[in-house]
Every structure is written in C-alpha cells, then in structure tokens.
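Have a look at the structure below, then the notes.
Chain A is the first sequence line, chain B the second, and so forth, proteins listed ahead of strands; every chain is numbered from 1. Side chains included, hydrogens not; waters and symmetry mates left out as well; all remaining heavy atoms used.
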Protein chains: 2
Amino acid sequence: MVALSLLAVSLLALNPVSALWPEPTNVTTGTQTLFINEDIRVTYNGQPIVYTAGYEPSTLTSHDIVQGGVSRALDTIFQDGLYPWKFHLRNETDWEPSLFSLKWVNSLKITQTAFDNTTTFKPLAGQVDESYELTVDTNGQAEITAVSSIGVLRALETFTQLFYTYSSNNFYYTPFVPVSIQDKPVKSHRGIMLDTSRNYYSVAAILRTIDGCAASKLNVLHLHVTDAQSWPLEIEALPELSAKGAYRPDYVYTPADIVKIQLYGAVRGVQVILEIDQPEHTAAIGWAYPELLTAYNYEPYTWYCAEPPCGSLRLNDSAVDTFMDTVMGEITKRVYPYTAYFHVGGDEVTANDTLVDPSVGTNATDVIEELLQIYTDKSFARVRGAGLTPMVWEEIPLDWNVTLGSDVVVQSWLGVSSVESLTNLGYKVIDSNYNFLYLDCGRGQWVTFQPGESYTSDAPYNDWCSPTKSWELIYSYRPSANLTAEQANLVIGSEVAIWSETIDEVTLDTLAWPRASVMGEVLWTGELSEEGSSGTRDQTTAAPRLNELRERLLARGINAASVQMPFCTEGGDCIQPA
Amino acid sequence: MVALSLLAVSLLALNPVSALWPEPTNVTTGTQTLFINEDIRVTYNGQPIVYTAGYEPSTLTSHDIVQGGVSRALDTIFQDGLYPWKFHLRNETDWEPSLFSLKWVNSLKITQTAFDNTTTFKPLAGQVDESYELTVDTNGQAEITAVSSIGVLRALETFTQLFYTYSSNNFYYTPFVPVSIQDKPVKSHRGIMLDTSRNYYSVAAILRTIDGCAASKLNVLHLHVTDAQSWPLEIEALPELSAKGAYRPDYVYTPADIVKIQLYGAVRGVQVILEIDQPEHTAAIGWAYPELLTAYNYEPYTWYCAEPPCGSLRLNDSAVDTFMDTVMGEITKRVYPYTAYFHVGGDEVTANDTLVDPSVGTNATDVIEELLQIYTDKSFARVRGAGLTPMVWEEIPLDWNVTLGSDVVVQSWLGVSSVESLTNLGYKVIDSNYNFLYLDCGRGQWVTFQPGESYTSDAPYNDWCSPTKSWELIYSYRPSANLTAEQANLVIGSEVAIWSETIDEVTLDTLAWPRASVMGEVLWTGELSEEGSSGTRDQTTAAPRLNELRERLLARGINAASVQMPFCTEGGDCIQPA
C-alpha cells in the first residue's frame, strides 16, 4: 500500500544500464564515461581505416565491407545518434556526464582472425561465423575481434548501441565503460519476408528495411517478389511480363535495382533472397501470357484460389516449362553473386485449378501429387543448375507429398505441428508460424462484404489471422516448441512475414519495427528454458531495452512504432502486479 | 465459372464515378471534363476573393474564413492534388482527358445566404448550419451556396474532391461535369479525441490532425490534454504544474500554442475542445502538488486506479478547490474565444482512493456520490462561469448518480447500454463506444507481465479492447443502435478516441486515418436503415471511395493507412462472393 515506485526508480537512476538489442550472449559493463569523436583511430588487422561519412561499399571484399561498416557505425553515432532524454528520470537535470576533463575512446582496433571466403557474403545457414568480441577499456582502447567480416559488422552495430548523443551538439559518449562482450547468434537465419506483389515498395523503402535488419542483427530479407496481384520484376527476355503485369510501368524492379538491393544487403550482412511464387499465385503472369495459366480470373475465387485473382501455372504444359526456364534462368543468374538461395514458392496449390485445366481435367490428389513432383523437380533443377539452393513452402512436401532433396530448405507458416512434421521428415526448416510472426494480421479484411453477409460472423471485420501479433506475443515465440533437440537443430531460423494486402510503403515501418527486431532477439539468443516457467522470456526486462532500440531506429530514419510511453521509460512502474 | 471480372472492370472504366467522402446527401455528376487553373475568378457574395497560396486566416470573421477556405482548396487542387493512376485499369493508357481544346472552370461564385454570428465559429451542437449546395455547369460556372461560412468550407472540401492532377505538371481537371450536390450533416458533433498526456504530440502533429478533420468534414478535435502520466499544459499562474509534470520542459502547450491550435481549428470549422480530466487521472499534478492527491503513486495500482500512476484529487479538500479555481479560471478564459465547451473528465473514479484519503476515510458509495455531486457542481460552475458548456464522462451520472444540468453533454465510452441509460435520463450524449471507436485497441499491452503471469490467459499479449477496430467495423457503427427516435436525437454525435499509451506522433497518422473519416461518414450521412439488412452500410460501395480519400489525405501530407491494394483499385474484384 506504500508508494514504492519512486524508490525503485531512484535506484534505477543510479545504475544506468546498457540497452543492447538483441541481448549479447555475455555482457558486462561499467559506469565510467568516455566520449568519442571523429579523431578515433580505427585499424583493421593493423591497417588504418579512414572514416568516410556516407561510405557505401561497391565490392564484396572484406576490406570494403569493414570500411563500410566502420563508416556507418560512426555515421550512426555522430549523425543519427540517440539523445536519451526518455530514459532518465523526469525532472532529473544532472544525468548527463560532465564536459570537464573529458576522456576519449581513442582507438578502435578491429582484428579478424580468419579469411573471408565466398560463402561469407552469401552463406548457406551456418556457413558464416557471426560471433564477435567487443571491449572498451578505461584507457579509451576499443577492440573488436571476429572470425569473419560479418562478425565485425555485428560488433559494430553493438558498438553504436553503447553511445548516446549529448544535449549540446557534437558531443557523443558512452557511460558504460569498461565494456566486455562476447556474442554470437543461436539461429543462423533471421529474416523478414516482404511481399512486393500486393503492394509495390520503392527501392528506397527496401533499402531502409535492410537498414533495420542490420541494426537489429537480422540477416535475411526475403522478397516475395511476385504473386497473383502484380509482377514487379523485370525479366529482360520477357519484357511484357512486368510491362503489363506490374501495377504501373515504373513499379518494376529493374536488373539494376535488383543488383543494388542485393549488394546493399550483402555489404551489411543481410542476404536478400528472392522468391518467385509458383505454380499458384501467378495470375499476374496472365496480363502477358494468359495461355500459361489455368483458372485464370475464375470466379467465385473461393473455388479456385485463396484470394483473387485466381490463376495457376499449368502443371502439364511444356510452354510453362519453357517460360520458367527463361524466367528462372535469367533471375537466378542475376542474384547468384549475392545469395545462396532461391525460393520457388509452392504455397496454396488449389486442386480445382487442375480440374479446369484441359490437359489435366481432374482434381484427384494422386494426379496432382505426381504433377507437382515433376514440376518441383524441374523448379529445383533450375535453382541448383544456377548454383543456388532451393527454398519452398511447406505445402509441397506436407500437403502434396512431394519428395525434396536434402539440400532444400522448407518454409513453414502453418504453425508448430507443421514444423514437427517437416523436421520429422528430416527437412531443414525456416519457420514463419502465422500465429506469432505474421505482422500483417489483425487489422481487418481487405475484401469487402455485401451488407447481407455482415451479420453472420466476425468475418467482415476481422481478418483470418486476427488479432494483431503484439511484440509481447512475438517475444513468447519459441522456434523449438514441441521439438526434440535433433528436430530443433533442423530449424535453421525464422522469418516474420509482411503480406501486403493492407500494407504499403506508408505503413511498412510502424508495422515491421520493432516487432521484427523482437523475433530477432528470440533467434539470436535462442530458447531460454531456464528463464521463468515454461521457458517464457521476461517481458519486463526486455521492454526497457526495446524502448531504447525503438528510439535508435527512429534516429536512423526508420519509423518504428512506440512500445511504451515516456511515463514507463522515465522510471514509472509499468509492470503488471502479480 | 467464367471469368467475369474483365467485363466488369471494362464497364467501370467507361463510367468514372466521383468518390466523395463523406458521401453527400444528394449528388449527381456527369461525364464532361473541365480543367482548372489559377485564373479562376472567385467571388464571395459578389466581392472578389484573391487566391493567396498558403493563406492562413488570423481572425474569426466570415471573410477571412472564406478567404482561407478558398486559398486552401485551390492549394489542395494545385499543390496537393491526387494523380489518380490507382483508380484506372491497369495498362489502360488513354484514361486522361485530352489536352486539346480545353474547357475551363472559369468562375466560382460563393453565396452565403445568412450572416454568421458568434456561435458560428464556436457552436454548441446544432448552432451552426453546415449545409451547402455546390454546382459546376458545363459552361465552367461553379457555384456554392451556404447558410454559413462553415457551410462554405464544407462545400470547398467537396469541391477539391472533384479534381485530379494530370500526369503532366500544371494541369488539373474534373471529369464529372455537370455536378449538382445538396449536402448537410445528420449529426452535428463529429470528432476525434486525442490523448496528449500519455504521449505528447507536437503542435505540428495536432495541426495536421486538424487538417485531416477538415478534409473529412469532422468538426471537433477534443484534446484530452491532461491525465495521470504527464501534464503538458502551461498554466501561467501555476508554472510548476507543467514545468515538473510534463515529460520534458519543452513538451508543454504554451498559452500561445493553445491559441494557435484553437484558431487553426476554428478557421477550418473544427472546434478544439479541451479536457482536463478530474478528479481521477490527475497523478501528473503530483510532481508539483502531491498534497492535493490521495493514493498518489500507490501500489499495486490495480487497487487504486485503472492504470499507473494512481492518484486522485481529494474530494473533500478546499485546497483542491482553490487549485482548480486557478487552473480552470485561466484555461477557460484562454479557450473561450474559440469553443463553446469545456470537458471536465470524470472517468474511472476509484472508490479506494477515498478510502485512503484521511479526510474521507471510506469507500462507501453514498459518501462518494455526495462528494462527487459537490465536486462536479463546482467543476461545472467554473465552466459555466466562463461562458462555456460542461462536458463530462459517463461514469459521473451513471456510476455515481450525480445529477447534471440539462446543458451538460455526457461522453459515453462503455457502449450501447450506457447510451441507452444516458438518453433515458434525458442527457445529451457524445458516443465513443469503445467497441467501435477506440482506435488504439488491438495492438497489445503496454504494461509488461512477469514470466509467471504469461500463460494464465491471453492477457499478456492482447490489450483489454482487442481486436483492432477495422474500418469495416467502424463503418458498421450505429450511433442510434437500440434507441428510440427521441433518444437518438439526444446523441449529438460521436468521437473516435486515440488513447496514447502505445501511440505517439510516429504512429498517429496511420492509426487515425482513414478510420476517423469512416466514422465521419457514418455521422454525416446518419443511419441508413433502408440500405441492406438491419441498416448495415455497404462496404463494397464504400471501399472505392475510401481508397480515394486515403490517397487524397496522403497527397495532403497526412500518412493515412492503406485500405485496399492497387489490384482492387485498378478494377480487380475484391468483393467477397456470397
């Protein structure tokens, strides 16, 4: 019954704590303050690195990547830093360090202990070592040690999160010296899937999303680039595909755009993986090549597809093979320098589409299974032939019993039992469990309902995966739920999904961030079975760090949504009493 | 089973339709095109109005208001207009009117048929006539006729919605001539409530919100300016209130800010109503004057208030009377020139607060009722004494049986049965039914839960009013649900509510718009008992207009959320089959 909160926040004020996100494996920090300015001497394996504001690497070489990482880190500290007023007690006026007799971070010594190789910049899951150590001592010596240049990038992101902007311009400091951090991720595939077909996203918006990934140590941007609604991808050999199938002639990713996006990601340690969804979700092809599709624009859509417009590539048509040889031959070549994977889709194949396909004429499961085995084998052969590894949605093996190679990565979306089934079959899995990781859910339908249909259920008002996946729910996500240790090892990581029926560039940031970063911490730190009951993570200690991450994302130009109000961040008690 | 959609969209292409929001009472449009440029001759009751880009009225006079409205309307058409590519068929290249032998809107003749009076610019519900007529004939003569200058403003907003931007710069046109519109609202109070205590909003964000109101013909912005978490309102006689109680010293609405906001609204026909919530929701006063509060910062909060920090003005304390005399005396004087109302709060009074108040010492209902009657009478006397009309939350009359005067407007939030009870008692009501109109709902908790608490229910993940109120749900909102005609007449209007525990300036726009505009149409057009079963509005005909409104809001600098993807707006069939 006594007011305890003021006491609690006073203690908090005396012990500022670092707010790193994702939380490092091991971290100790002190309470001494060091300032930093552009005079910091940076070396990389003994050679000086010259800080160049705005430097953008143009090659996939270790030095260029580290030069870019250092420049971005110092840009972040000096240009896009966080002035942390929200994280100090209200009306506390003396929380900033004194500007008398400043001590400085004099040097940042970066040591990479092994040579990068080609897989470093376009790794299969597990091929790149992202671990690092980071120290800042009281004499102003900072050190980063990592096995790979990507590990250096991860360390540099952590480094930026130690610093704050002073209320007077041109002063920047960390109050956490000495710092000692040893860190590495548990899961190697930590991604965002962005659907660029239902709404088009500008290259700038995609690059900004990569920035958010890098800031959160997410390492994959999966572009679900084509779907039924539009085909925004230029295929030079088939120019009509995007000329007719894009929403507008300029809502198209040109070959140069794709390379720009891929390279921008690769130099940040964010692999950009493209998906051309097939054989379903291909109605956008019909603007140029309707003859390749069955059930094209058929209605009512509920008979032929999951959402309009219907249309599926014909499974028994050599013209489709020729077409996909051309499409995949060109696009896989384009992305090969920057990624190890290509995603060939495979979700929501609808049996009635083969029923109305004159060259098939049945919706018999065994017939479709056989056709899909053949189709998928060809699809995978195109990917493998280009030196890439196939990814596919879960329905192909689980609903249609298609046998995949052991190289294939299966993306699951239907939840825990699907992941159980896939790992029982021995497949590598990326989990996008819609109950936790679909960021578009819970904001209402995009189809409209006739008035007569409006009172039958909640359907007119709530979408199929309502309610919204709150950050707390995502934080409770467990990629290994119900799995044995052996099965859990097959889950190479997870992706949040941003399906774009009701999301576009305007709403992207507030819906993606910081929720994607929340999944990022789950994957980076792994299952916490020792913490709390049933391995539940602790929201109460996460929220302060997440609040700060959000402000850091904002400062870097990413419009992340608010987590808690300043009352909470200024020391108010925002923990639910038991 | 046959593809019908292409036929359907072809017909649509042949008949472009205006997309006015809210839908006018009567509207007929044609198919001739007129262009418009800055040479248009505008007159107001026979006198020329000079279009002055960016003109901001500085006085509440009819001429200044109309001058501002005309200038804003032409700014909207010429600077912030809509290039409507999304609303034409994909790959259709000839949808723009020819630029040969242009015909022009030569003149806009504005006739106001009555004199404005002081209530025009600060009306009680019903005191201003917002009706208007708008015609554009094929000879290029546009006419607006309205009873009041506010009606002229409404007509000018409709006028802007008739025009589009041409793909080449500097051409603007309407394809809907001749136009004939007669229009007036059914409900006279159409508002947004914005909570500026839990998060602070800059003056710029508030002005932008007023812009959105004006564009949607909403006419009230209710600022829930103070609450428990922060006191962002400067009271010159009590400078410590905001100096200590605001989140930061500069997160304060100065007297000049308040006047700026009020005037900015008033000249747009948007009345800005301030609320100082009391006696609960006042913990922010405790930073300067803790002695005025009972249960200040008491924990666990669940015993003493709806959310932390607890604290309630003492009900039996003359120091509180003196304090509120000062606060209310000053602020009511400040807002008096611009509003007819002042809201004195009254929600969520918690009985345990009086139990721990030494001068009361009980939570007996009859004691609290008597104290609240006295407190409310004083509160109302301050408002009435300043020439304003009191508003109060529903709990005061419904939970605590306080008798109100017949002038008082009661704001309801707990739903249909509360509105029934209040109108049964004969009170005028503003409805903010949380089941439909709380725009913050459905995005997760802001309090965090200990791990042990996380598996007991959905509580850690969903907030109390989940799911999100989708635009379709809001469109189904019926302010007269369950009411007799006589009761329904007492519902003078409604407000969407934006409580700011998890919303701040970054997320404001996408959460407010266009959902606030959706309620706006419900209130403007009134109950549609003749349309569909049970008076359900038709989402299928609303969506195309709402899609266009959203793009118009975007073009005007308001980051409204997406409604439907371009596949739908480009003619795709996005109506759920029966």
Side-chain angles (χ1 to χ4, degrees), chain A residues 3-5 85 91 198-199 229 244 247-248 297-300 302 308-309 442-452 454-455 460-462 466-468 470-473 476 501-502 504 506-507 510 532-534 536 538-540 543 559 561-562 564-567 572-578, chain B residues 1 3-5 85 91 198-199 229 244 247-248 297-300 302 308-309 442-452 454-455 460-462 466-468 470-473 501-502 504 506-507 510 532-534 536 538-540 543 559 561-562 564-567 572-578:
Chain A
L4 292 171
S5 61
W85 69 271
N91 302 325
R198 292 176 177 104
N199 263 294
Q229 286 78 10
K244 293 184 174 176
Y247 279 141
R248 357 190 296 190
N297 278 332
Y298 273 30
E299 296 191 340
T302 41
R443 298 172 309 107
Q445 293 276 354
W446 62 272
V447 289
T448 52
F449 285 68
Q450 299 283 0
S454 297
Y455 281 101
Y461 309 128
N462 297 325
S466 179
T468 303
S470 66
W471 80 262
E472 296 96 329
L473 179 68
S476 79
E501 284 89 348
T502 59
D504 66 7
V506 174
T507 43
T510 60
S533 61
S534 311
T536 315
D538 189 342
Q539 302 173 4
T540 67
N559 275 335
S562 166
Q564 290 185 306
M565 55 185 156
F567 167 72
D573 185 357
C574 291
I575 298 174
Q576 184 73 0
Chain B
M1 265 171 75
L4 291 172
S5 60
W85 69 272
N91 302 325
R198 293 176 176 104
N199 264 294
Q229 285 78 10
K244 294 184 174 177
Y247 279 141
R248 7 191 286 192
N297 278 332
Y298 273 29
E299 296 191 339
T302 41
R443 298 172 311 108
Q445 293 277 351
W446 63 271
V447 287
T448 53
F449 285 69
Q450 299 282 0
S454 296
Y455 280 101
Y461 308 127
N462 297 327
S466 179
T468 302
S470 65
W471 81 261
E472 297 95 329
L473 179 68
E501 284 89 349
T502 59
D504 65 8
V506 174
T507 44
T510 61
S533 62
S534 310
T536 315
D538 189 343
Q539 303 172 3
T540 68
N559 275 335
S562 166
Q564 289 184 305
M565 53 186 158
F567 167 71
D573 185 357
C574 292
I575 297 174
Q576 183 73 359

Give, as side chain, backbone, both or neither, the part of [X] having an atom under 4.5 angstrom from any heavy atom of chain B.
X: A:Asn91; value: side chain
X: A:Trp85; value: side chain
X: A:Thr540; value: both

(message) Ignoring hydrogens, what is the shortest heavy-atom contact between A:Phe449 and B:Gln539? Give both atom names and the distance.
(response)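 Minimum heavy-atom contact is N-OE1, 2.8 Å.
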
(message) Ignoring hydrogens, what is the shortest heavy-atom contact between A:Arg443 and B:Ser470? Give both atom names and the distance.
(response)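 Looks like O-CB, 3.9 Å.
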
(request) Identify which part of B:Ser466 has an atom lying under 4.5 Å from any heavy atom of chain A, answering side chain, backbone, both or neither. (result)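 For B:Ser466, the contact with chain A is made by the side chain alone.
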
(message) Within the 4.5 Å heavy-atom criterion, are B:Pro308 and A:Phe567 side-chain neighbours or not?
(response) yes

Just verifying a value: how many Å separate [X] [atom1] and [Y] [atom2], rounded to the nearest 0.5 Å?
X: B:Asn297; Y: A:Asp573; atom1: CG; atom2: CG; answer: 9.5 Å
X: B:Thr448; Y: A:Asp538; atom1: OG1; atom2: CG; answer: 7.5 Å
X: A:Thr468; Y: B:Asn462; atom1: OG1; atom2: CG; answer: 8.5 Å
X: A:Glu299; Y: B:Ile575; atom1: CD; atom2: CD1; answer: 9.5 Å
X: B:Asn199; Y: A:Gln564; atom1: CG; atom2: CD; answer: 11.0 Å
X: A:Gln576; Y: B:Trp446; atom1: CD; atom2: CH2; answer: 8.5 Å

(request) With sequence neighbours left out, write down each residue that passes salt bridge (charged side-chain N to carboxylate O under 4.0 Å, His left out) with A:Arg198, or none if nothing qualifies. (result) A:Asp195, A:Asp227, A:Glu307, A:Glu501

(message) Looking only at heavy atoms and a cut-off of under 4.5 Å, which of B:Ala561, B:Gly442, B:Ser562 has the most pairs with chain A?
(response)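 When all of B:Ala561, B:Gly442, B:Ser562 are compared, B:Ser562 has the most.
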
(message) Using the side chain to side chain donor-acceptor pair (under 3.5 Å) criterion, which residues pair with B:Asp504? Sequence neighbours excluded.
(response)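 B:Asp504: side chain to side chain donor-acceptor pair (under 3.5 Å) contacts with A:Arg550.
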
